Protein chains: 2
Amino acid sequence: MKQVAKKATGGSTTLWDRTRQLASQEILETALRLFTEQGYDETTIAQIAQEAGVSQRTLFRYFGTKEDLLGGDQGRFGQVLTDTISEQPPEADVWETLRAGIAAVLALHDSREQALERFRLLHNTASLRAGWLEKRLRFQEDLLPFIEARMGTGSGSTDPRARAVIATAFACLDAASMTWVGNGGKGNIMDLYDECLAEVRS
Amino acid sequence: MKQVAKKATGGSTTLWDRTRQLASQEILETALRLFTEQGYDETTIAQIAQEAGVSQRTLFRYFGTKEDLLGGDQGRFGQVLTDTISEQPPEADVWETLRAGIAAVLALHDSREQALERFRLLHNTASLRAGWLEKRLRFQEDLLPFIEARMGTGSGSTDPRARAVIATAFACLDAASMTWVGNGGKGNIMDLYDECLAEVRS
DNA sequence: TCACACTTGGCAGTCGCTGCCAAACCATCG
DNA sequence: CGATGGTTTGGCAGCGACTGCCAAGTGTGA
């Protein structure tokens, strides 16, 4: 176990932790740079490891997967999503609730430029897209109980409606972000999202 | 080129073609059997090839990818989809058009049992799910021009609405099929689909 | 300072997948 | 029937992502 005796921590971070932090950051930056320079599929783990100054084995210990090198904290997204949604007032509309969650996740990006870069890579690389969609689907499943509770429907095993609502929200996010990338990052994703939802819901 | 001199064919199929057909079928059946018996990830290409009586190299010549061993004719889906949709009367509602396309694709399955088996594998295996979602996204992109034409909107690079409508239709299909599998294949997927769309479109 | 916990790197191996080359194969023509 | 030529096949080596294992290095706490 790594966190055997790690209190919440103030400045009490050990040298190890700081080193880990540094290495992790170095790897992440190297990866993102190489990805944008030569493409995701054309960049090998060996290359990233070498340029970041660590062994492949160590790289895989920091990030279990090549995809993880792009997502930063992928787990973070899901956390913020469910947190935000469960914090919405119970009487709020389901669509409003989902909108709030999505907005919260989008707000997580460091900068517009970084977001654009990531989205561009995501939308232009088949393997990345696949992984992302899969992860997103898992988020949707995590959201199911919350949305069902708000809709007062039965469990998802027999009633498809909650799933449909969630999936539709993300479908609109998809359409919005693809259009946003196609536009070179002009405008606001949430505006596009609203436009999409308005069209869908007549 | 393989089809240098192949007319539509009656009994005029050469021995080669028949052998290919047989081998292909054998491989496909072996793969599906092993997948359902021991799971997709737990089944190796080497095993399938051996039990089907061909070399790995040949197997990969028939089906370029492990995923292809499940989908049968994956390309077929997209074809039927776009064909059906482009055949719809121009004055038909967009939602009706998409519904027709989806229904046509669903009708492609040999039997309810086979469909259930495939869907079950798909929904229970992360790697398969990812691949499927990716392929589906490509279908959606193929549909874009058709739907845009019917909606009279601008190109997808600037107007997200057509994409949103398409993505929503597939989102509902997702919710419907997941629920269908969860129910053990009871009922009709299209009924669930209609239920989903009704909920989404208020 | 010493012993312990943790981290690191290297190596071999698995699995999906591809390129290459020689052998087996079928069809067709003479 | 036999020779010719295009096609299919299988084996082999190799790549890239990823994992388990083990030995060596390094900070930590007593």
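None of the values given here were measured: they were computed from a predicted structure. Chain naming here is simple, since letters A, B, ... match the order of the sequence lines and numbering starts at 1 in each.
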Could you report the tightest heavy-atom contact between [X] and [Y], atom names first, then the distance?
X	Y	answer
C172(A)	T168(B)	SG-OG1, 4.3 Å
P160(B)	E195(A)	CD-OE2, 3.9 Å
R112(A)	N188(A)	NH2-N, 4.2 Å

- Item | T58(A), nearest nucleotide to its side chain (from dC18(D), dT9(D), dT8(C)) |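 That would be dT8(C).
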Atom-pair distance ([atom1] on [X]; [atom2] on [N]), nearest Å:
X	N	atom1	atom2	value
R20(A)	dG27(D)	CZ	P	15 Å
L22(A)	dT7(C)	CG	P	15 Å
Q56(B)	dA13(D)	CD	C1'	13 Å
D68(B)	dT18(C)	CG	C1'	15 Å
Q50(A)	dA17(D)	CD	P	14 Å
Q21(B)	dT7(D)	CD	C1'	18 Å
F60(A)	dA17(D)	CZ	P	7 Å
D17(B)	dG6(D)	CG	C1'	14 Å

- Taking only Lys NZ, Arg NE, NH1 and NH2, and the carboxylate oxygens of Asp or Glu, determine whether D93(B) and R99(B) approach each other closer than 4.0 Å.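 Looking at D93(B) and R99(B), the cut-off is not met.
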- Row check, Y40(A) ring normal vs K66(A) NZ/CZ: under 6.0 Å, within 45°: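 Yes, a cation-pi geometry.
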- Please work out which residues in residues 39-49 of chain A have a non-hydrogen atom less than 4.0 Å from an atom of DNA chain C and list them by number.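 Heavy-atom cutoff 4.0 Å gives no residues at all.
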- Item | Residues touching DNA chain C, which here means a heavy atom under 4.0 Å, drawn from residues 119-133 of chain B |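 Contacting residues: none.
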- Query: With no hydrogens and no angle check, do the side chains of S127(A) and D41(A) hold a donor and an acceptor under 3.5 Å apart?
  - Reply: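 Yes, because at least one side-chain N or O of S127(A) sits under 3.5 Å from a partner of the opposite role on D41(A).
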What I'd like to find out is whether the side chain of [X] reaches to under 4.5 Å of the side chain of [Y], using heavy atoms alone.
X	Y	value
T58(B)	I27(B)	no
R120(B)	E117(B)	yes
I48(B)	Q56(B)	no

- Task: Provide the full list of ring pair (Phe, Tyr, Trp, His ring centres under 6.0 Å) pairs with a residue in residues 157-201 of chain B, sequence neighbours left out, each pair given once.
- Result: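 Listed once each, the pairs are F119(B)-W180(B).
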- Query: Does Y62(A) place a side-chain N or O at less than 4.0 Å from the phosphate oxygens OP1/OP2 of dT8(C)?
  - Reply: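 It does, given that an N or O in the side chain of Y62(A) lies less than 4.0 Å from OP1 or OP2 of dT8(C).
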- Note on the structure: Under a 4.0 Å heavy-atom criterion, the protein footprint on nucleotides 23-30 of chain C, written with B, S and -, is ---BS---
- Task: Answer yes or no: is there a donor N or O on one side and an acceptor on the other, between the side chain of S111(A) and the main chain of Q114(A), under 3.5 Å?
- Result: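 Yes; judged by distance alone, with no hydrogens or angles, the pair exists.
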- Does H123(A) offer a backbone N or O that forms a donor-acceptor pair with the side chain of R129(A) under 3.5 Å?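 Between the backbone of H123(A) and the side chain of R129(A) there is a qualifying donor-acceptor contact (under 3.5 Å).
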Short heteroatom pairs, N/O only, protein and nucleotides 10-12 of chain C, under 3.5 Å:
| from | atom 1 | to | atom 2 | distance (Å) |
| --- | --- | --- | --- | --- |
| dG10(C) | O6 | R57(A) | NE | 3.4 |

- Query: Do other residues, nucleotides or ligands put more than 12 heavy atoms under 6.0 Å from R33(B) CZ?
  - Reply: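 Yes.
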- E29(A): salt bridge (charged side-chain N to carboxylate O under 4.0 Å, His left out) partners, not counting sequence neighbours: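 Per chain and number, E29(A) pairs via salt bridge (charged side-chain N to carboxylate O under 4.0 Å, His left out) with no residue.
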